[in-house]
Number of protein chains: 2
Amino acid sequence: MSRELRVGLHAAIVAVTGEQPRVLTVPDLAANLPAALPFGPLDPDQHRTLELGLRAWVQEQTGMELAYVEQLYTFGDRDRASSDAAGARVLAVAYLALVRERQLAEGRGAAWESVYAVLPWEDRRQGEPDVLRDQIRPRLATWVRAGADTAMRRSRRGRVDITFGSESAGWDSERVLDRFELLYEAGLVAEASRDQSRSTGGTPDPGVGEPLALDHRRILATALGRLRGKLKYRPLVFELLPETFTLLRLQHTVEALVGVRLHKQNFRRLVERGRLVEGTGRLESATGGRPAELFRFRRDVLHERPAPGVGLPGLPHGRSRRV
Amino acid sequence: MSRELRVGLHAAIVAVTGEQPRVLTVPDLAANLPAALPFGPLDPDQHRTLELGLRAWVQEQTGMELAYVEQLYTFGDRDRASSDAAGARVLAVAYLALVRERQLAEGRGAAWESVYAVLPWEDRRQGEPDVLRDQIRPRLATWVRAGADTAMRRSRRGRVDITFGSESAGWDSERVLDRFELLYEAGLVAEASRDQSRSTGGTPDPGVGEPLALDHRRILATALGRLRGKLKYRPLVFELLPETFTLLRLQHTVEALVGVRLHKQNFRRLVERGRLVEGTGRLESATGGRPAELFRFRRDVLHERPAPGVGLPGLPHGRSRRV
DNA sequence: GCGTTAATTCTCAATTTGAGCATAATAAGA
DNA sequence: TCTTATTATGCTCAAATTGAGAATTAACGC
């Protein structure tokens, strides 16, 4: 008789409040443990589709109705947070959901957590973050030197350069998962020591960034990478914005997700030339300066062009564009 | 006691021979039934990772060792080819694999099937294919008119326009899955009538294109869409080519996958300016005209630029010239 | 009124596309 | 051998897009 098989449905539910991207978390069963993403097992009898199962669990755990939902990836490594207490083999089907910022229903313990508290090396809006310069790069350099032989050291150095950028290769904002996996392999995130049954003893390394339960930080990394990539060719940002918004708010929302600052005038040019938005004539006066016009998303673009996205007019430093 | 849950691992293994993309199929259990993609159930005890399980099944059914493998999507709709004979709920984790054209081991029945025999509306290299103009568009128009009310008809028309292109919206080569799903919903592919237990009686509509077993045509559509999208920003084509190749062969391989003809000189400019290839100095003389230089993939680009792909210099709309 | 803060418009050069013409090198056939 | 067909490869040129930043406008607080 073969081992039992189960499937979990996991949701990275993302919103942007102000200039910070956030992800919805629920408290883990025991206190003191890291928070988790909303998740629950697929019920083969009740859930007609995977996505409906996911929506049901999210509704139950957070009271939230999801609008935009997209499947990300199915994880199933046996040695990586993939068996439950009963010893069954458990797969995780991960989803990305986008919602507008809103009040959370009280009482269930769900809370918004900052995405960049969990993945602090991904926010380059103020330039390369301290944690990257002071901790990650030095420790990755050590990891590279610890390679068994020259070939391995060279291979490790190559991976570090391409995932975290170097003089020759720039920062690719979409490689979020690659970076997390490299940090995991190099033992710089808490999940790495947690997953090793043979702990090296002593106080466990706290690692960089706030961990999440199970493999949920990996799921969040997958979600952020996918979101960053898709922004460029699908009008996903508007799932995160209210009906009307100023162009600066739109820009801040994109910047928050992509983790870099953009050139303001050119960003506007792209958005307007792409006919993604239309002015409402009304003004938002709480800007602190000249009032800004309120715009709304032109849903018609979906019927006009095959791949409408916001494009990323980079600033002088970051040269990580595609096509 | 809840219904049992199983997980199948399915592989769309793609190669390009000459100017035709092909997918590896295995004969279905009973004769007369459509061929299937290689697949097998995940064994929770034996398969350490999903991908290793997939490789094992492919090896067993086709004798082939896979190199490039990428997870596509996990399907699990209850009403769509997702329960087995024993009535268990079955999920399908689908993968895309790329291989170089090669001789198949005899005897196991595995065979290369033309991708565009299965998805004939996707090949626009000779302009809009006949099946699209003569069958699909008229029947989709009928389906649009059959909508219950004005709102539904407008919504259907919008979907048709955006997925299959119209005057206002062009053809988006990446929307392969959207197109297949629309054809399924409109009842133009054989799978649609197969999945309806309440058949309308009479001779079943054969539908457009060669069907595959289970949901495998859907998986192939997912694979082709993903592949088309990814070509633009990852050097995947080279997984399908031998060590050295002429630039025309490179172009033909890309064209075969994307399903459109490209502007030759500009294609070369993009490839060379992107420093994706380097000349070998050797010449290929079996070209039929002036001998072409043999090039090889510059693996170093992987360490130089974040998103090296081949780009797609299109031809003027609608035209399809000989190259 | 004056400085501050943003919004909004414009410029301008550098690059990148889209399209096509011209020339070079081979094989097959007259 | 000379011509023609066929493909490779190089080059040009205008149009469009991008990257960067200056200039102008419209509020607010004092």
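Every chain is numbered from 1 and lettered A, B, ... according to where its sequence line falls, protein lines coming before strand lines.
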Is it true that atom CZ of B:R157 has more than 12 heavy atoms of other residues, nucleotides or ligands lying nearer than 6.0 Å?
->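 No, CZ of B:R157 has 12 or fewer neighbouring heavy atoms, counting only those of other groups under 6.0 Å.
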Would you mind telling me which of B:V23, B:L98, B:L66 makes a side chain to side chain contact (heavy atoms under 4.5 Å, CB included) with B:I13?
->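 That would be B:L66.
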When A:R175, A:E128, A:R137, A:R159 are each screened for side chain to side chain contact (heavy atoms under 4.5 Å, CB included) with A:F164, the one that passes is A:R137
Nearest-Å distance for atom pair [atom1]/[atom2], residues [X] and [N]:
X      : N      : atom1 : atom2 : value
A:F267 : D:dT18 : CZ    : P     : 14 Å
B:E284 : C:dA25 : CD    : C1'   : 15 Å
B:F245 : D:dA8  : CZ    : C1'   : 16 Å
B:L250 : D:dT9  : CG    : P     : 12 Å
B:R268 : C:dG20 : CZ    : P     : 18 Å
B:N266 : D:dA16 : CG    : C1'   : 14 Å
A:L262 : D:dA20 : CG    : P     : 12 Å
B:L248 : C:dT26 : CG    : C1'   : 15 Å

List the atom of A:L227, the atom of A:L236, and the distance in Å for their closest heavy-atom pair.
-> CD1-CD1, 3.9 Å
Under 4.0 Å: is that the gap between some side-chain N or O of [X] and OP1 or OP2 of [N]?
X      : N      : result
B:R269 : C:dT16 : no
B:K264 : D:dA8  : yes
A:R273 : D:dT18 : yes

Ring geometry between A:F297 and A:F238 (parallel below 30°, tilted from 30 to 60°, perpendicular above 60°) | parallel
Going 5' to 3' through nucleotides 23-30 of chain D and flagging B where a protein heavy-atom sits under 4.0 Å of the base, S where only the sugar-phosphate is that close, and - otherwise, we get --BBB---
Stacked cation flag B:R124 on B:W171, 6.0 angstrom / 45 deg | yes
Atom CD in A:E19, atom CG in A:D123: separation rounded to 0.5 Å?
->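 One finds 10.0 Å between CD of A:E19 and CG of A:D123.
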